[in-house]
Amino acid sequence: MTNPLKERLIAKIKAEGPLSVAEYITICLLDPVHGYYPTRDPLGSDGDFITAPEISQMFGEVIGLWCIQSWQDMGRPETVQLIELGPGRGIMMSDILRAAQLDKGFLAAVHVTLVEASPALEAVQAKTLGDIPCPISWAASLDKAPKGPTIIIGNEFLDCLPIRQFIQKDRFAGRGGWQERMVALDGKTLRFGVSPAVISEGLQATLPEAQEDAKNEDLLEICPANAQIVDQIKQRFEADSGRALFIDYGPEETEFGDTLQALKRHEKVGVFSDPGNTDLTARVDFGALVELAKAAMLPVTTAVPQREFLSKLGLEMRAVALSRAKPESKDKIARQLHRLTASDEMGELFKAICFQSEGLGLPLGFREMA
Ligand code: SAH
């Protein structure tokens, strides 16, 4: 299906001038009429990309154990808001709640809230989670979700939040010299350009500390929504106890370079090739997340590789138990385990990070607080 979004973007740039990369991503992913997420279910082997919960039920199940442990660490509050950001098809939540049967007290305390931008996916979630044994509702954003002791989870949520890109254009790479990368026109084709003005000092102050090490032509990305999320988590955890777990792909420390990528049917394609019909994501800068949390005085762990995190949660033991229960699926389960943990698959590139309220110990699966 051809998507009229490209023509609309071209007309918009012609009329109003170049767009920031973040504006471009926002329109492509979230335009209510022609955007990527609102108009389809992009997940699974028939879709454009596949995620850990879609690969194996074991992923959500061990996260379920993590949630039980967190609730216990929080002092077993009578009610706990279990909030998932960007729940996709609802598979992870359904696996979490199945594992949660292990602790009936936890299950009785859980109220589920899903934060989902796509009406199409919200409908799929309602179907997947139609018969769960606890109350469930949807909220437009994290700050609209019910208050109280909270566990927040988000798998492959942060990578689809829009990023801005800046290029160091000062030959001597002084402290200034950052110019914003823009989406502009070359005749009737979309292309990258660079805004002629150097960014303001205020904006520059939001770049991660690695900006100090930039060389001429280095590109740095920021995800402005990260600051908002950290801020909202901080406010929530100041009022009530809680933990927030995010799993996503990206480096432990800030790295230079353009990481924006488009995927269609599991293949990388050009970011301007088919706006609105391709998924756009960027690597999550875990170093920048830690910096933001520290600046907000919000306790945060260092990021750990997915392999290590899942292994500490007992993923291998879960695989053995499942294989015993279903010997005919032994090979399939071994392949799933490999995809989730091998270093040439998701094991190293994907990381887990956890924010939490003051006074809780080290969360399960992590090495240390940052
Ligand atoms: N967590 C799921 C899906 C990941 S895909 C999984 O692991 O399978 C990203 C999800 O985030 C989708 O559900 C998408 O619709 C949702 N999403 C993207 N941008 C969003 C935003 N700004 N607010 C809320 N949800 C968003």
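Order of listing sets the numbers, starting from 1, for every ligand and every atom in it. Nothing here was measured: the structure is a model prediction, and the numbers come from that model.
Protein residues with any heavy atom under 4.0 Å from ligand 1: L30, Y37, L43, F49, T51, P53, G86, P87, G88, V115, E116, A117, S118, L121, N155, E156, F157, C160, L161.
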Given the rule in the side-chain contact (heavy atoms from CB on, under 4.5 Å) test, do K169 and W178 qualify, once you have shown the distances and angles that lead to the verdict? CA-CA 6 Å; K169 287 287 182 188; W178 292 101; over 6 Å; no

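Note on ring orientation: taking the six-membered ring where Trp is involved, the planes of F272 and F192 are tilted (angle from 30° to 60°).
Remark: E252 engages no residue in a salt bridge (charged side-chain N to carboxylate O under 4.0 Å, His left out) (not counting sequence neighbours). Looking at residues two or more places apart in sequence or on another chain, you find no salt bridge (charged side-chain N to carboxylate O under 4.0 Å, His left out) involving R335.
Checked against the 6.0 Å centroid threshold, F355 and F237 do not count as a close aromatic pair.
Identified under the side chain to side chain donor-acceptor pair (under 3.5 Å) test for residues 145-157, with sequence neighbours left out: T150-R236.
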